[in-house]
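Order of the sequence lines fixes the chain letters, A, B, ..., with proteins taken first and strands second; residue numbering starts at 1 for each chain.
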Protein chains: 2
Amino acid sequence: MNDHKRPAAKTTRRRGRELLDAIHQAVLLEVAETGLPGLTMEGIARRAETAKTSLYRRWTSPEDILIEALRERYPRENPTAGAVDLRGDLVAAIGLMRELMGDRILGPAMLAVNSEAMVRPELHRRMWTEVYDPQGERFTWRVMEHYAALGHIDPAKVNDLTADIGESLMLKYAVDHPGELPPKGYEERIVDEVLLPVLGVRP
Amino acid sequence: MNDHKRPAAKTTRRRGRELLDAIHQAVLLEVAETGLPGLTMEGIARRAETAKTSLYRRWTSPEDILIEALRERYPRENPTAGAVDLRGDLVAAIGLMRELMGDRILGPAMLAVNSEAMVRPELHRRMWTEVYDPQGERFTWRVMEHYAALGHIDPAKVNDLTADIGESLMLKYAVDHPGELPPKGYEERIVDEVLLPVLGVRP
DNA sequence: CGTATTAGATACGTCATCGTAGCCTAGTGA
DNA sequence: TCACTAGGCTACGATGACGTATCTAATACG
């Protein structure tokens, strides 16, 4: 009756999708906690409760796992713009960024990755080609274009710079207040005090 | 005649200020290259061409050395604002950020540190209390206040949000284009297309 | 000139991660 | 039901950072 190999407990063994999801989850949590450079195969394995070998079988580096996880989990929603509510659509567009920042898993993970990407151009490129959509981001920009096409705003005032304002202010908030979300109404203030004046629209 | 301990070469031995400066320089270069989590006593020692022991004698962690180096090297200039050229002063204020970003040593080092600080609130606090001045930053903000006091702009339009615009756009540029500086004239565009309209000033 | 400081060199045991190898076993599906 | 696949376990030598101890040598300073 010698239980010669820890017999009990783990009755079931995960495979395929189930295991993959667990690993993806693990890598995101891990990177959020330790930062990208602290990301290690052993760490991921520990957290996913799987074996290091199982990781090496499929991937060759922690970063590869991470990118794959992000590609799967990163939100790809097409922000839609109505036809009548410029202000509301702008607020909503900026709000998408708050959603991302507020995601308890994806938010910190993205922070950690973007941090590193600032110092490692190859990673930056990789994120853009492998994670961010071909269509790519720029929530605010789409809304602006839309209303410019409708003649509600001067098309000349829609450009790379003005389209960046909303996202950049949200970004700076994140940088200045690690771990916090902007206060309620922050998006509205951005739109009312900055974007609309810049676009030459009177409330 | 056995040269029993590598006799030649190193005739002089650094100490005090000279050594300290070399170490500070080394830690900044090192962190720029390896990132903060990759920062190690051995690495710093190697680059400064000193002994690990000499580091441990004075500091207890790589991070301590780094903070000290930053405290010494971080620019503390009082941005002055004249009385007559709002536009020019704003451009200059934002330009200070370009200078920092463009510094081949301090720029990358600050990037690396800020990256980490986003994920490690204690570090963020430490930077603010030990590196950034008591007076603290906010180049643009000072200029705005100044001209508001002079009655050139509506004081109600000078607040946390509007004061952040310039820096945040420069920051976003850095995030989106790792290793690059904004194109010539970028500050001017920020001022002309964004800041002045927001402040309700017509060119 | 001689002594007290301060740097530099070397070595050590410990620890965590690396990437790989070898073998065992639960689940799957023909 | 049985063979095959995919996952799990353990162990390994290698590497590199850790923090400390010990000794030697250069420089400053009285």
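- Between the CG atom of B:Leu19 and the P atom of D:dT27 there is a distance of 13 Å, rounded to whole Å.
- The base of D:dG7 lies close enough to the side chain of A:Arg57 for a donor and an acceptor atom to sit less than 3.5 Å apart.
- Between B:Ile44 atom CD1 and C:dG8 atom P the separation is 15 Å, expressed in whole Å.
- Distance, A:Arg58 CZ to C:dG19 C1': 18 Å, rounded to whole Å.
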Exercise for the section: Determine, step by step, whether A:Met144 and A:Leu90 satisfy the side-chain contact (heavy atoms from CB on, under 4.5 Å) criterion, reporting the C-alpha distance in whole Å, the side-chain angles of both residues, the deciding distance to 0.1 Å, and the verdict. Expected result: CA-CA 8 Å; A:Met144 288 185 178; A:Leu90 283 175; 4.3 Å; yes
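- The base of D:dA28 is not paired with the side chain of B:Arg15 by any donor and acceptor separated by under 3.5 Å.
- The nearest whole Å value for the distance from the CG atom in B:Leu20 to the P atom in D:dT27 is 18 Å.
- Proximity of a side-chain donor or acceptor of B:Thr34 to a complementary backbone N or O of B:Val31 within less than 3.5 Å is not detected.
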Exercise for the section: Could you go through the side-chain contact (heavy atoms from CB on, under 4.5 Å) check for A:Gln25 and A:Arg73 one step at a time? Expected result: CA-CA 9 Å; A:Gln25 180 82 0; A:Arg73 304 273 246 260; 2.3 Å; yes
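- Salt bridge A:Asp89/A:Arg142: absent, no basic N to carboxylate O contact under 4.0 Å.
- When atom types are taken as modelled, the side chain of B:Arg98 and the backbone of B:Pro182 share a donor-acceptor pair closer than 3.5 angstrom.
- OP1 or OP2 of C:dG8 sits under 4.0 Å from a side-chain N or O of B:Thr50.
- Using a 4.0 Å cut-off, no side-chain N or O of A:Arg14 falls inside it from OP1 or OP2 of C:dA26.
- Distances from the side chain of A:Ala51 to the nucleotides C:dG8, D:dC9, D:dA26 place D:dC9 closest.
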Handout entry: A:Met127/A:Leu70 under side-chain contact (heavy atoms from CB on, under 4.5 Å): CA gap, chis, key distance, verdict
Key = CA-CA 9 Å; A:Met127 288 294 291; A:Leu70 285 176; 3.9 Å; yes
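- For B:Ile23 and C:dG8, the CD1 to P distance is 7 Å, given to the nearest whole Å.
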With 3.5 Å as the limit, what N/O pairs link the protein to nucleotides 18-20 of chain D?
{"residue": "D:dC18", "atom": "OP2", "partner": "B:Thr40", "partner atom": "OG1", "Å": "2.7"}
{"residue": "D:dC18", "atom": "OP2", "partner": "B:Met41", "partner atom": "N", "Å": "3.2"}
{"residue": "D:dC18", "atom": "OP2", "partner": "B:Glu42", "partner atom": "N", "Å": "3.3"}
{"residue": "D:dG19", "atom": "OP2", "partner": "B:Tyr56", "partner atom": "OH", "Å": "2.5"}
{"residue": "D:dG19", "atom": "N7", "partner": "B:Lys52", "partner atom": "NZ", "Å": "3.0"}
{"residue": "D:dG19", "atom": "O6", "partner": "B:Lys52", "partner atom": "NZ", "Å": "2.6"}

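- Put simply, the side chain of B:His124 gets close to the backbone of A:Asp176: a donor and an acceptor are under 3.5 Å apart.
- Spacing between atom CG of A:Leu55 and atom C1' of C:dC18 amounts to 13 Å, rounded to whole angstrom units.
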